[in-house]
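The structure appears below as structure tokens.
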Amino acid sequence: MLIQQPPFSVGKLIYTAATRTPRDVGLFKPFAISVDNYYPNYKVLNGFEAKFGAVEARPTFVFNATFPLILQCVAQSDIPSKLLGLIHISSQVEVLGPQNWRLPSTVVVEIESIDESDKGLLYKIKTTVWQNKQVTLVNINEMLDKSRYYQGRSSIKVASNNDADFETLTNFEISQKDVWKYARISRDFNPIHMGNTFAKLFGLKGALVHGMLNAHLGLNKIIEQQNVPNKTIKIEFNKPCYIPASLTLSKKVDTQEYNLSSNCGTERHLKITVS
């Protein structure tokens, strides 16, 4: 089902999310919305550029630009999960043409599928951006509604920074203040990022860094230091990144694979592959 509609106001979005009726996973059908003449919020665009640089050189801005429409689509769907319980698992961006975010675009957001496993329910959400009758960007995000019975692996085995196959590119710190600033840029005020008190209400030991903040910071370092193509960017989110964070960006030798990690490289928070 594809519904043509304008962007929702914040009030309408909250009301829609609060009054939605979830249905059993077996009754799921793909659901999509299409929005014409779409512009990202100018404060989001300007704030992103002030923090990370020109959006034309940073394709992952598509996630921030269209995040309100992703929420708008999910809020209208009848998926069985609670909206605040979804965990961002991966994000892939394909660049298919030039995109000028200061000109109008048509954006289609679709919840394509639900996969059920021992981990929980995995949602695949596809965002397609059109400009001048051409597809310019495709952003595919996977969101997990984790089963309360799934324990998962105790750790993710990754190479340490001393591994000869990896070279360290840079180190940086992230504070709670950095996360608050990014929340204002991204309009993602999920309570798990806002402070320890809120995060603990959701069963976490502390507040988490936004996955996409880590991704943008990592990609910024890659763009600044490496001569790499950026037609396809794949980001895989791994272990939670608690605030404050001391992070290391490393590159696998002779590849375009990058790890963002902490604790001497043994705790990988995300993996970035560029092609």
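Worth knowing before you read on, the calculation uses all heavy atoms, side chains too, and leaves out hydrogens, waters and symmetry mates. Predicted, not measured: the structure shown is a model, and the values here were computed from it. Starting from 1, each residue takes its place in the sequence as its number.
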* State the OH-OG1 distance between Y258 and T273, to the nearest 0.5 angstrom. => 9.5 Å
* To do: Give a yes or no on this: more than 12 heavy atoms of other residues, nucleotides or ligands lie within 6.0 Å of atom OH of Y15.
  => no
* Asked: Is a side-chain donor-acceptor pair under 3.5 Å present for T60 with H216?
  -> yes
* Asked: Have H210 and N190 got a donor and an acceptor in their side chains that come within less than 3.5 Å?
  -> no
* Asked: So, D145 side chain and L121 main chain: donor-acceptor pair closer than 3.5 Å or not?
  -> no
* Asked: Has the side chain of R187 got a donor or acceptor atom that lies under 3.5 Å from a matching backbone atom of A183?
  -> no
* Answer with yes or no whether the side chains of Q4 and D36 bring together a donor and an acceptor at under 3.5 Å. => yes
* Please examine the side chains of V44 and F61, heavy atoms only from C-beta on, and report whether any two atoms are closer than 4.5 Å. => yes
* Going through the checks in order, is the side chain to side chain contact (heavy atoms under 4.5 Å, CB included) test met by L86 and L144? -> CA-CA 5 Å; L86 298 179; L144 176 69; over 6 Å; no
* Quick one: does T168's side chain have a donor or acceptor within less than 3.5 Å of a partner on T170's backbone? -> no
* Do I79 and F31 share a hydrophobic cluster (ILVMFWY, side-chain heavy atoms under 4.5 Å, transitive)? -> yes
* CG of N132: more than 12 outside heavy atoms within 6.0 angstrom? -> no
* Kindly indicate, with the supporting measurements, whether the criterion side chain to side chain donor-acceptor pair (under 3.5 Å) is fulfilled by S250 and N259. => CA-CA 5 Å; S250 58; N259 287 344; 4.6 Å; no
* Asked: Does any non-hydrogen side-chain atom of V25 lie less than 4.5 Å from one of E116?
  -> yes
* **Any side-chain heavy-atom pair of V138 and T127 under 4.5 Å** => no
* **I114-I70 co-clustered via ILVMFWY side chain contacts under 4.5 Å** => yes
* Structure fact -> So salt bridge (Lys or Arg N to Asp or Glu O under 4.0 Å) across residues 122-136, not counting sequence neighbours, yields E112-K124
* Asked: Which is it for W101 and Y39 under the ring-ring contact (aromatic ring centres under 6.0 Å, His included) test, yes or no, and what are the steps along the way?
  -> CA-CA 7 Å; W101 286 108; Y39 294 85; 9.9 Å; no
* **salt bridge (Lys or Arg N to Asp or Glu O under 4.0 Å) contacts in which one or both residues fall within residues 98-111, not counting sequence neighbours** => E49-R102, E56-R102
* Greater than 12 external heavy atoms within 6.0 Å of D118's CG -> yes
* H269 and L247: CA distance, side-chain angles, deciding distance, side chain to side chain contact (heavy atoms under 4.5 Å, CB included) verdict -> CA-CA 9 Å; H269 304 296; L247 301 172; 3.5 Å; yes
* **Any I174 side-chain heavy atom under 4.5 Å of L217 side chain** => yes
* Within a strict 4.5 Å, meaning less than it, do heavy atoms of the V129 and T106 side chains meet? -> no
* **Side-chain donor-acceptor pair present, E267, S262, cut-off under 3.5 Å** => no
* Asked: Would L208 and L201 show up in the same hydrophobic cluster when neighbours are defined by side-chain heavy atoms closer than 4.5 Å?
  -> yes
* Asked: Can you tell me if D178 uses its side chain to pair, donor with acceptor, with the backbone of S175 under 3.5 Å?
  -> yes
* Do other residues, nucleotides or ligands put more than 12 heavy atoms under 6.0 Å from F198 CZ? -> no
* Asked: Hey, does the Lys NZ or Arg CZ of K12 hover above the aromatic six-ring of F8, less than 6.0 Å from the centre and inside 45° of the axis?
  -> yes
* Show the numbers, then the answer: is there a side chain to side chain contact (heavy atoms under 4.5 Å, CB included) between I222 and I272? => CA-CA 10 Å; I222 294 169; I272 302 173; 4.2 Å; yes
* Asked: Would N139 and S91 count as having a side-chain donor-acceptor pair, cut-off 3.5 Å?
  -> yes
* To do: Output, in order, the C-alpha distance, side-chain angles, deciding distance and verdict of side chain to side chain donor-acceptor pair (under 3.5 Å) for Q131 and S105.
  => CA-CA 5 Å; Q131 199 166 65; S105 304; 3.2 Å; yes
* Decide whether a cation-pi geometry holds between K205 and Y242; the criteria are a distance under 6.0 Å from NZ or CZ to the six-membered ring centre and an angle within 45° of the ring axis. => yes
* Asked: Would you say I125 and L122 are hydrophobically clustered, going by side-chain heavy atoms of ILVMFWY under 4.5 Å?
  -> no
* Side chains of E142 and Q92: do they bring a donor and an acceptor to under 3.5 Å? -> no
* Asked: Strictly by modelled atom types, are Y182 and N214 linked by a side-chain donor-acceptor pair under 3.5 Å?
  -> no
* Between H88 and F63, ring centroids under 6.0 Å -> yes
* Does the side chain to side chain contact (heavy atoms under 4.5 Å, CB included) test come out yes or no for T232 and V274, once each step is laid out? -> CA-CA 6 Å; T232 302; V274 182; over 6 Å; no
* Any side-chain heavy atom of F172 sitting closer than 4.5 Å to one from T248? -> no
* With the side chain counted from C-beta on, respond yes when R20 and S77 share a heavy-atom pair under 4.5 Å apart, and no when they do not. => yes
* **Exam field: side chain Q72 to backbone P6, donor-acceptor pair closer than 3.5 Å** => yes
* In the single-linkage hydrophobic clustering (I, L, V, M, F, W, Y; side-chain heavy atoms under 4.5 Å), do L69 and I140 co-cluster? -> no
* **Residue pair Y123 / S81, side-chain donor-acceptor N/O under 3.5 Å** => yes
* To do: State, yes or no, whether a side-chain contact exists between K119 and K146 at a heavy-atom distance under 4.5 Å.
  => no
